[in-house]
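Here the structure comes first, spelled out in structure tokens, and everything after it is commentary.
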Amino acid sequence: MQLKLQALNGFKDILPGDVELWQFVETIARSVFARFDFSEIRLPILEPTELFARSIGETTDIVEKEMYTFVDKKITMRPEATASLIRAYIEHGLYVQKPVQRLFTIGPMFRHERPQKGRLRQFHQMDAEVLGSQNPRIDAELMAMGAMLLQELGVSVSLELNSLGCPECRPAYRLQLQTFLTERFDTLCDDCKRRSSTNPLRVLDCKNPRCRAQVQAAPSILEHLCSACGQHFEEVQAGLGQLGVQYSLNKFMVRGLDYYTRTTFEFITTDLGAQAAVGAGGRYDGLIEQLGGPKGVPGIGFAMGMERLVLLLQQSAGGDALGRLCPDLFIAALGQAASDFCFGLAHELRSAGLRVAMDLEGRSLKSQMKQADKTGASWVLIIGEDEMKNSQGLLRNMKNQEQQQVELKAGTLKSLLQTRYIDGTEFSVKKILS
RNA sequence: GUGGGCGUAGCUCAGUAGGUUAGAGCACCUGGUUGUGGCCCAGGAGGCCGUGGGUUCGAGUCCCAUCGCCCACCCCA
């Protein structure tokens, strides 16, 4: 209470009890990514400020006011992963090694926004990106992968799909939209009045009811795609259909980063308050070239918000069903001699591969039994003066209260513990560890 | 950056019209069992009542300021 040092606003510790949920999310994600032949790439958190300015867009909110930047050094803590990933892709010439790269990365991102539910200043994303293919099947496959990941996590979300066109068709549409908005300028909210000149597409996803009503009649980008974009979008949808991915078209969906082209999508939930997007992404066919990479190399990717996934898991019924890993054995030592001996025995058992817990504080047997119970250990090895005399330990099965005398040798103990009981069923330790 | 709400034990919260040493449940520790967990019982530890100032004989309670957190706008994963 007197402690003045505390985590910064918008920065959170992930404590034991919650961390298991995070590990679950990561484990499932890695499994799904592997099945789709994605390789992990690990990227630095600090990058040149210019990298984000040039990719995300000089006039986006992220770049204008949300980045953690060391101004004097011109470096910034990454607010998203795609830019870094492409930087690495170009820097190491990954496009030479393999024409189509499938990469994923997991880690913290930083944006100086006002924290609220599902939104922190340090937050974590899982990113998957495919570089080097404009094939619409890649788009479909990527969305299918996201859907599979979410399904295996057990969270239910809906997928919304749109196309933003390309430099061929978007400018003309943008102009037409701008004209439409200008005609209704007075009915728009203040934000949208500003947006209608700077970034008219953003007006489309304004939450203000009056703006929404106006925008219903606005020209749709989907009806103004050039033939190439139109066909691409058709094939993306055909791919989704073939893979059995449910989705709905949302012609008002706009992404907040400037680099998106053609396919954009969001995985949406209604269970997170104001933060509806659990995952989102899209195609960015011009970005690699724009950052100094090879000409014409396209890309597409998505990011999932891990805090949001964890929140959904916590809110759903099965959220707390994920137990912690329990020790195989708890050693209860009584008296100095036994304690000295067990200190070494625990180490031997640990190096033999067992998960061993022990109390080093010299507490009463009753207290140690309580601790053992709390850790969930399946077995307790009791060693006191009597046991030390005849070199026999007392091994108690915590599930059925049976006790037996055992030889105090690591090898013997290990083989005795090769079986344990979970919900009445016998499992081999090795099977569980593998 | 703009609103609104809330700060009392590790956690969740009581605290009556300002009035003795500030409470409960959970969690923690010890004991009831000279060496045996879950349940139960008894005891214990743990609070400058976010911080600073003011009003008052007296402030957790009223006033002001300040800091912190939460939710929403905005933005986004």
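Lettering of chains follows the sequences in order, A, B, ..., and the numbering in each one begins at 1.
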- Message: Considering every strand and a 4.0 Å limit on heavy-atom distances, what is the contact class for Glu66(A): base, sugar-phosphate, or nothing?
- Response: sugar-phosphate
- Task: Please determine, for the side chain of Gln6(A), which listed nucleotide (G37(B), C76(B), C69(B)) has the closest atom?
- Result: C69(B)
- Ala274(A) has a side chain; which of C69(B), C73(B), A77(B) sits nearest to it? C73(B)
- Task: Calculate, to the nearest 0.5 Å, the distance between atoms CD and NZ belonging to Glu348(A) and Lys409(A) respectively.
- Result: 11.0 Å
- Looking only at side-chain atoms of Ala280(A), point me to the closest of U36(B), C29(B), A77(B). A77(B)
- Query: Between Lys374(A) and C28(B), is there a side-chain N or O to OP1/OP2 distance below 4.0 Å?
  - Reply: yes
- Item | ring pair (Phe, Tyr, Trp, His ring centres under 6.0 Å) partners for Phe11(A), two or more places apart | none
- Identify the nucleotide, in any strand shown, that forms a Watson-Crick or G-U wobble pair with G44(B), with both distances under 3.5 Å; if there is none, say none. C28(B)
- Query: Of all the choices, C73(B), G35(B), G31(B), which nucleotide is nearest to the side chain of Lys366(A) once you look at every atom?
  - Reply: G31(B)
- Task: Could you tell me whether Phe38(A) and Phe104(A) have their ring centroids closer than 6.0 angstrom?
- Result: no
- Task: Can you figure out which of C29(B), C69(B), U36(B) approaches the side chain of Arg396(A) most closely?
- Result: U36(B)
- Message: Need one value for Gly118(A): base, sugar-phosphate or nothing, where a base atom within 4.0 Å counts as base even if backbone is also close, heavy atoms only.
- Response: base
- Message: Return the pairing partner of G58(B) with a 3.5 Å limit on both distances, Watson-Crick or G-U wobble; otherwise return none.
- Response: none
- Message: Measuring from the side chain of Arg202(A) (C-beta onward, heavy atoms only), which nucleotide among C76(B), C73(B), C29(B) has the closest atom?
- Response: C76(B)
- Hey, does Glu64(A) reach any base, or is it just sugar-phosphate, or nothing, if we go heavy atoms under 4.0 Å? nothing
- Which nucleotide, A77(B), C70(B), G37(B), lies nearest any side-chain atom of Arg255(A)? A77(B)
- Could you check whether Leu120(A) gets within reach of a base, just the sugar-phosphate, or nothing at all, counting any heavy atom under 4.0 Å? base
- In terms of side-chain heavy atoms of Arg308(A), which of A77(B), U36(B), C73(B) is nearest? A77(B)
- Task: Kindly point out which of G37(B), C69(B), A77(B) is positioned nearest to the side chain of Asp373(A)?
- Result: G37(B)
- Give one of base, sugar-phosphate or nothing for Leu394(A), where a contact means two heavy atoms less than 4.0 Å apart. base
- Message: Partner lookup for C73(B), please. Criteria are Watson-Crick or G-U wobble with both distances under 3.5 angstrom; report none if nothing qualifies.
- Response: G1(B)
- Scan Arg114(A) against the nucleic acid and name what it touches under 4.0 Å (heavy atoms): base, sugar-phosphate only, or nothing. base
- Message: Nearest to the Met369(A) side chain among U36(B), C71(B), A77(B), which nucleotide is it?
- Response: U36(B)
- Separation between the C1' atoms of C13(B) and A22(B), rounded to whole Å: 14 Å
- Task: Indicate whether OP1 or OP2 belonging to U30(B) is found under 4.0 Å from a side-chain N or O atom of Ser367(A).
- Result: yes
- Message: If I pick the C1' atom on C67(B) and the same atom on A27(B), what distance separates them, to the nearest angstrom?
- Response: 29 Å
